[in-house]
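Below is one structure, written out as structure tokens; the observations come after it.
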Protein chains: 2
Amino acid sequence: MTPVNLKSLAKELNMSIATVSRALRDSHEVSEATKQRVRALAAARHYEPNAYASSLRRNISKTIGVVIPKVANHFFALAINGIEEAARQAGYHVLIYLTHDDYEREVSIVQHLKGGRVDGLLMSVASSTQDFAHLRGLKEANIPIVFFDRVCAEINTAKVTTNDYESGYQATEHLIRAGCRHIAHLLISNNLSIGQFRQQGYLDALMAHGHAPDPGLILHGVMDNEQNVALIRELLLRRPDIDGIFASVERLAISTYHVCKELGRRIPEDIKVIGFSNLEAAALLDPPLSTITQPAYDIGREAAKILLRAVEKKKAVLPGQSVVLESALFARRSTAG
Amino acid sequence: MTPVNLKSLAKELNMSIATVSRALRDSHEVSEATKQRVRALAAARHYEPNAYASSLRRNISKTIGVVIPKVANHFFALAINGIEEAARQAGYHVLIYLTHDDYEREVSIVQHLKGGRVDGLLMSVASSTQDFAHLRGLKEANIPIVFFDRVCAEINTAKVTTNDYESGYQATEHLIRAGCRHIAHLLISNNLSIGQFRQQGYLDALMAHGHAPDPGLILHGVMDNEQNVALIRELLLRRPDIDGIFASVERLAISTYHVCKELGRRIPEDIKVIGFSNLEAAALLDPPLSTITQPAYDIGREAAKILLRAVEKKKAVLPGQSVVLESALFARRSTAG
DNA sequence: TTTATTTACGTAAACGTTTGCAGCAAATCG
DNA sequence: CGATTTGCTGCAAACGTTTACGTAAATAAA
């Protein structure tokens with residue numbers, strides 16, 4: 001079975017490779033008659049251009065990379081959905097890389113991508129990442145990058161986020177209005193700007209309503225869910241006065257449910273719970289969970305669109321293109337007064 | 001800023017491109033001293049080989065494609081997780097494509113991939129796919145393919161599935177033992193072999209326990225969840241005798257919960273429900289949902305491993321390499337007697 | 001010494017595509 | 001009618017890497 005490429009098509013058509021190539025790219029310097037012949041044979045032979053030869057020659061891969069902590073998470077799954085949609089429409093391919101929130105892995109992935117495998121990068125940084133040297137290098141490699149959700153403030157590029165400060169404020173206020181007096185905040189590693197914003201919203205809402213912030217009510221989660229359950233259990237036992245919980249990430253809200261069930265704390269009678277979550281089944285939980293839900297699909301799509309515009313123009317992405325989308329608060333029974 | 005490639009390194013080191021290339025690939029025909037010099041400079045200049053040039057020359061892309069219906073679904077998200085892990089360990093990259101269960105899109109994606117962008121393909125076919133010509137073409141393009149979960153029986157290659165027949169049987173039997181007399185089966189498009197197996201398990205379990213199969217109790221879901229809710233509502237109203245529901249896909253179980261809540265049917269008192277699901281929060285639903293849970297991560301990882309072995313040997317994948325993994329049944333309150 | 005063999009490197013040809021340049025007709029213009 | 005333009009096509013050089021082949025020197029075998 002002989003390979004079907006420009007050369008084989010050219011030979012069969014008795015013309016040069018150049019003409020075949022131009023005909024297929026619909027160049028204006030090829031006669032309509034020739035184009036017809038070329039296209040007919042290409043279709044008959046099921047010709048598919050070699051993506052790598054083209055990429056090498058044009059120095060364009062028509063591919064974007066997506067680097068995220070995990071995929072088994074509704075937020076990221078939905079974001080990928082949006083990213084894939086935008087990429088597909090623009091004729092781009094999507095490479096997926098998972099960091100599992102591991103800094104070393106993130107560095108290794110980014111390093112590899114400097115080889116020109118992707119034209120641009122979408123990224124949600126790992127929670128353990130503190131040093132951003134590996135990301136700076138991308139600028140030099142001329143690979144534009146757009147951060148989404150878990151952004152990196154130190155890098156000068158576009159970012160797509162949600163109104164995290166306001167959401168943190170609203171969630172906390174929602175609990176206060178529901179009658180909570182001692183509200184705990186569960187979050188993960190606080191070196192993420194996103195966590196800081198939510199935390200600040202939480203603190204400001206407390207202050208605004210005359211509640212004194214209490215460091216003992218702030219719990220930092222870890223990667224492992226088992227450990228989180230233990231941490232939350234310990235917190236609830238140590239501070240029996242806690243009557244409200246604001247979870248900055250879905251996993252911690254779920255773990256809270258498990259602990260409450262285990263300790264016999266009733267939701268919402270004893271403790272009210274609200275959490276960031278994209279869980280479709282939130283309304284079917286026992287009790288239905290009040291959530292702040294981020295527009296994950298839109299975040300992914302918007303980030304991809306911004307990136308693709310930059311890629312097409314071969315320009316770096318500008319911070320000015322940053323976008324802030326709004327999350328929605330769904331009050332359900334877990335915070336019923 | 002000059003590009004850093006083999007040529008620039010060679011010039012700076014006063015040696016030929018070939019030697020630099022060989023040194024970096026740790027060839028035995030380069031002296032240790034030279035290797036040291038080359039490696040040192042490569043590191044200093046942050047050299048990253050151009051993936052496309054290498055791919056073009058070696059006719060190997062070190063990339064696999066994953067074609068799935070959707071990603072916002074715990075099963076597929078977990079599968080991707082397993083796939084990415086296996087790929088990363090083997091030094092492969094992962095391209096993601098979503099069909100959204102659309103046949104046209106699936107064909108278009110597969111067609112594109114014949115251009116050599118990927119060394120192999122992992123696939124879960126779209127529920128609307130009936131014709132498999134586009135997949136046969138892959139054989140000719142010498143691209144091995146491994147199906148997982150939603151396999152295509154007509155194509156002669158390796159498949160990674162779960163024991164769907166047994167699971168369907170067990171789920172049905174579980175409902176029967178819990179006292180159900182009129183058990184409905186909710187599934188999607190039945191041209192998928194996977195749906196047929198589960199359905200057969202359901203039917204055989206009914207027969208084995210002296211229940212007569214009733215076509216009026218089998219409901220075929222569609223893409224849209226709103227429509228599914230309507231269909232299920234109609235079914236429950238039309239057949240008030242239904243006291244058990246076996247949902248072949250997670251979405252249909254969730255929709256069932258919504259309908260029951262709406263119609264005031266109590267689970268499990270009035271209707272017992274069991275469904276295929278990888279939802280982590282299944283135990284936290286109201287009531288906790290009994291599930292058949294597939295080892296999604298392992299399915300993805302196993303499929304990727306089989307594919308990568310074939311890719312490395314540049315051989316087609318053999319049907320004999322097929323693997324069947326076992327799902328687990330978790331009995332929870334939704335089927336309590 | 002001569003003749004193999006090994007070691008270490010360079011030369012150059014691929015891989016398939018794109019594209020600047022040139023050529024060469026036919027058409028248009030002065 | 002000669003000069004210039006226009007429309008179409010081919011030639012050949014890239015893109016960066018890998019690798020078969022050649023070669024010169026150094027070592028080993030004779």
Side-chain angles (χ1 to χ4, degrees), chain A residues 2-39 41-42 45-63 112 114-119 141-142 314, chain B residues 2-39 41-42 45-63 91 112-119 141-142 314:
Chain A
T2 57
V4 40
N5 49 30
L6 290 184
K7 195 195 288 187
S8 73
L9 292 180
K11 182 186 281 183
E12 191 164 354
L13 288 164
N14 261 324
M15 49 178 91
S16 75
I17 294 176
T19 304
V20 178
S21 172
R22 277 189 276 247
L24 291 173
R25 315 194 100 246
D26 203 23
S27 160
H28 61 277
E29 31 181 356
V30 173
S31 73
E32 201 52 45
T34 313
K35 280 184 191 173
Q36 301 271 345
R37 286 182 59 210
V38 172
R39 281 200 276 252
L41 187 72
R45 295 281 172 276
H46 299 110
Y47 169 72
E48 279 291 332
N50 182 301
Y52 295 112
S54 174
S55 291
L56 176 59
R57 174 61 223 248
R58 304 205 298 162
N59 199 25
I60 277 174
S61 67
K62 282 277 176 186
T63 304
H112 260 294
K114 288 181 190 155
R117 197 178 274 271
V118 297
D119 294 338
N142 214 28
K314 297 198 176 240
Chain B
T2 58
V4 39
N5 49 29
L6 289 184
K7 194 195 288 187
S8 73
L9 292 180
K11 182 185 281 185
E12 191 165 355
L13 288 165
N14 260 325
M15 48 178 91
S16 75
I17 294 176
T19 304
V20 178
S21 173
R22 278 191 276 247
L24 291 173
R25 316 192 100 248
D26 203 24
S27 161
H28 61 276
E29 21 181 0
V30 172
S31 72
E32 202 53 46
T34 313
K35 281 183 190 173
Q36 301 270 347
R37 286 181 58 211
V38 172
R39 282 200 275 253
L41 187 71
R45 296 280 173 276
H46 300 109
Y47 168 72
E48 279 292 331
N50 182 301
Y52 296 112
S54 175
S55 291
L56 176 60
R57 174 60 224 249
R58 304 205 299 161
N59 200 26
I60 278 174
S61 66
K62 281 278 176 187
T63 304
H112 261 293
L113 292 181
K114 288 182 190 156
R117 196 178 277 271
V118 297
D119 293 339
N142 215 28
K314 296 195 176 243

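The sequence lines fix the lettering, A, B, ..., with proteins before strands; numbering per chain opens at 1.
Between B:Glu29 atom CD and C:dT5 atom P the separation is 18 Å, expressed in whole Å. Across the protein-nucleic acid pair, B:Arg25 atom CZ and C:dA8 atom P stand 19 Å apart, rounded to whole Å. Rounded to whole Å, atom P of D:dC8 lies 15 Å from atom CZ of A:Arg37. Note: NZ (A:Lys35) to P (D:dT9) measures 10 Å, nearest angstrom. Computed from coordinates, the A:Tyr47 OH to C:dT17 P distance equals 3 Å when rounded to whole Å. With rounding to whole Å, A:Ile17 atom CD1 is found 10 Å from C:dG16 atom P. Rounded to an integer number of Å, the gap from CZ of B:Arg58 to C1' of D:dT19 is 11 Å. Summarising the geometry, the separation between CD1 on A:Ile60 and P on D:dG16 is reported as 14 Å, rounded to the nearest angstrom.
With hydrogens and angles disregarded, a donor-acceptor distance shorter than 3.5 Å links the side chain of A:Lys35 to the backbone of A:Ser27. Judged by distance alone, the side chain of A:Arg37 and the main-chain N or O of A:Leu13 form a donor-acceptor pair under 3.5 Å.
Of all non-hydrogen atoms in B:Tyr47 and B:Leu9, the two that sit nearest each other are CG-CD1, 3.8 Å.
Among the protein residues, A:Thr34 comes within range of the sugar-phosphate backbone only, with heavy atoms under 4.0 Å from sugar or phosphate atoms but none that close to a base. Across all strands shown, A:Arg22 has heavy atoms under 4.0 Å from base atoms, whether or not it also approaches the sugar-phosphate. Residue contacts for B:Ser21: at a heavy-atom cut-off of 4.0 Å it reaches a base atom on one of the strands shown. Nucleic acid contact for B:Asn59: none, since no nucleic acid atom lies under 4.0 Å from a heavy atom of the residue. Among the heavy atoms of the strands lying under 4.0 Å from A:Asn50 are primed sugar atoms or P, OP1, OP2 only; no base atom is included.
Counted by atom type alone, A:Arg117 and A:Ser55 present zero donor-acceptor pairs between their side chains at under 3.5 Å.
Of the candidates C:dT11, D:dG16, D:dC8, the closest approach to any side-chain atom of B:Ala18 belongs to C:dT11. Nearest to the side chain of A:Leu56, among C:dG10, D:dT17, D:dC15, sits D:dC15. Checked against D:dT9, C:dA8, C:dT17, the side chain of A:Val30 finds its nearest nucleotide in D:dT9.
Phosphate proximity of C:dT17 to A:Ser54: absent, as no side-chain N or O sits under 4.0 Å from OP1 or OP2. Using a 4.0 Å cut-off, some side-chain N or O of B:Thr19 falls inside it from OP1 or OP2 of C:dG10.
Residues A:Asp26 and A:Arg39 have side chains in contact (heavy-atom distance under 4.5 Å, counting atoms from C-beta outward).
Comparing B:Met15 and A:Asn5 by the nucleotide of DNA chain C that holds the closest heavy atom to each, the one mapping nearer the 5' end is B:Met15.
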